[in-house]
Amino acid sequence: MDTRTRGFDPARIVERAAALSADPALDPSILFLDCGGAELARRYSETRRRHPLALDRPAEDGIRRERELLGPLRAAADRLIDTTGLTTNGLQAEIRGLFGEGATAPSPTLSILSFGFSRGVPRQADLMFDMRFLRNPHWVPDLKPLTGLDAAVADHVAGDPAYGDALDRIEGLLLALLPRYAAEGKSYVTIAFGCTGGRHRSVHVAERIAQTLHRNGFSPTITHRDLVR
């Protein structure tokens, strides 16, 4: 609520909060968002909005009047966040830190996608890894009709000398980045793995990465875009 609320009465709000606190089943608190006067004036200037308490006067006048009206609420607040130097994501993180379960950010919804470059790059990918540096089962007659879901193909791909180190590095990178995406408030992350046709190398790697993320507490969904043609 703010000063534009009909019948705005800070003293009454403080009284109601105190009354609610008397109920042992409730744990109310007042969160007050503050900001430096110069930064508030800058925001009004950038958005070209008039201050609701100073429609025909400089924004600074409205800010000053608003501080007077909100004084009782600020004094009674249990929690105060100064937004002067915060981005919107930073404000989200502050609020999650105060009220979120365990004071941690929720994990983003994870999607893992395998695809073939020959059929185009997926536009929804946030992170994309090219698996065409690994040896291609397509050129092995017995493996060509199989897919990355088959053990023989998985063994062939994993037998590439570059496989172990590359996959370890990719897994380490993802495990480092995903918590940062959560901290920045990103709700969805799509990780894509591509190879030439999208049936062998990318499929196997996508499956391995999904298993690694599961073991580390994530719950990704997996889609093999070009597995069936």
Side-chain angles (χ1 to χ4, degrees), residues 27 31 79 81 86-137 143 146-160 162-229:
D27 183 24
L31 168 65
R79 304 167 189 267
I81 297 179
L86 291 179
T87 62
T88 53
N89 284 339
L91 177 58
Q92 289 181 41
E94 291 279 348
I95 293 175
R96 282 197 298 264
L98 290 175
F99 300 104
E101 293 184 9
T104 58
S107 297
T109 299
L110 288 180
S111 300
I112 296 178
L113 173 69
S114 71
F115 71 96
F117 282 97
S118 61
R119 292 195 160 193
V121 173
R123 290 187 176 184
Q124 73 272 33
D126 296 292
L127 296 167
M128 187 180 302
F129 297 91
D130 186 349
M131 296 294 106
R132 289 176 293 184
F133 67 91
L134 297 171
R135 60 189 185 188
N136 192 352
L143 300 180
L146 304 180
T147 74
L149 299 177
D150 294 298
V153 171
D155 291 342
H156 181 83
V157 175
D160 189 300
Y163 175 88
D165 183 58
L167 268 291
D168 288 345
R169 290 172 181 266
I170 291 173
E171 289 171 342
L173 177 64
L174 293 177
L175 292 175
L177 291 181
L178 291 177
R180 295 300 310 149
Y181 281 126
E184 288 298 313
K186 190 168 177 59
S187 300
Y188 301 92
V189 176
T190 298
I191 307 166
F193 297 92
C195 61
T196 304
R199 300 186 68 250
H200 296 111
R201 294 166 290 183
S202 62
V203 171
H204 164 67
V205 171
E207 291 286 336
R208 167 173 162 165
I209 295 297
Q211 293 172 7
T212 298
L213 294 180
H214 273 296
R215 289 195 301 270
N216 284 273
F218 297 95
S219 300
T221 60
I222 186 166
T223 301
H224 300 301
R225 191 191 73 179
D226 300 325
L227 186 64
V228 178
R229 297 178 179 176

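Source: prediction; values computed, not measured. Reckoned from all heavy atoms, side chains included, excluding hydrogens, waters and symmetry mates.
- At least one donor-acceptor pair under 3.5 Å links the side chain of Arg225 to the backbone N or O of Gly116.
- Met128 CE to Thr190 OG1: the interatomic distance, rounded to the nearest 0.5 Å, is 10.0 Å.
- Considering CE of Met131 and OG of Ser114, their distance stands at 11.5 Å, rounded to 0.5 Å.
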May I have the step-by-step check of salt bridge (charged side-chain N to carboxylate O under 4.0 Å, His left out) for Arg208 and Asp168, ending in yes or no?
-> CA-CA 11 Å; Arg208 167 173 162 165; Asp168 288 345; 3.2 Å; yes

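- Side-chain atoms of Leu174 and Thr212, non-hydrogen and from C-beta on, never get closer than 4.5 Å to each other.
- In this structure, the side chains of Val203 and Val153 stay at 4.5 Å or more apart for every pair of heavy atoms.
- The side-chain heavy atoms of Thr221 and Thr109, taken from C-beta on, include no pair separated by under 4.5 Å.
- Here the closest heavy-atom approach between residue Arg135 and residue Arg201 is recorded as O-CD, 3.4 Å.
- Considering only heavy atoms from C-beta on, Asn216 stays 4.5 Å or farther from Glu171 through its side chain.
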Given Ile209 and Phe129, is the side chain to side chain contact (heavy atoms under 4.5 Å, CB included) satisfied, shown in steps?
-> CA-CA 12 Å; Ile209 295 297; Phe129 297 91; over 6 Å; no

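- Expressed to the nearest 0.5 Å, how far NE2 of His204 lies from OG1 of Thr147 amounts to 11.5 Å.
- Between the Arg119 side chain and the Asp226 main chain, no donor and acceptor come within less than 3.5 Å of each other.
- Put simply, CD1 on Ile112 and OG on Ser202 are 12.5 Å apart, with the number rounded to the nearest 0.5 Å.
- Here CG of Leu167 is found 7.0 Å from CG of Leu134. Values are rounded to the nearest 0.5 Å.
- In this structure, Asp27 places its CG atom where only 12 or fewer heavy-atom neighbours from other residues, nucleotides or ligands lie under 6.0 Å away.
- Pairs engaging residues 173-182 under the salt bridge (charged side-chain N to carboxylate O under 4.0 Å, His left out) rule: Arg180-Glu184 [sequence neighbours left out].
- His156 places none of its side-chain heavy atoms less than 4.5 Å from the side chain of Leu146.
- Leu178 contributes atom CG, which lies 9.0 Å from atom CG of Leu173 (distance to the nearest 0.5 angstrom).
- Between Asp160 and Arg132 there is no salt bridge, since none of the side-chain N atoms of the basic residue sits less than 4.0 Å from a carboxylate O of the acidic one.
- Between Gln124 and Leu113, the closest side-chain pair of non-hydrogen atoms falls below 4.5 Å.
- The two residues Leu143 and Ala152 make their nearest non-hydrogen contact at CD2-CB, 3.7 Å.
- Annotation: Phe133, atom CZ; neighbour count of heavy atoms from other residues, nucleotides and ligands within 6.0 Å is above 12.
- Within the 4.5 Å cutoff, no side-chain heavy atoms of Thr223 are placed close to those of Phe115.
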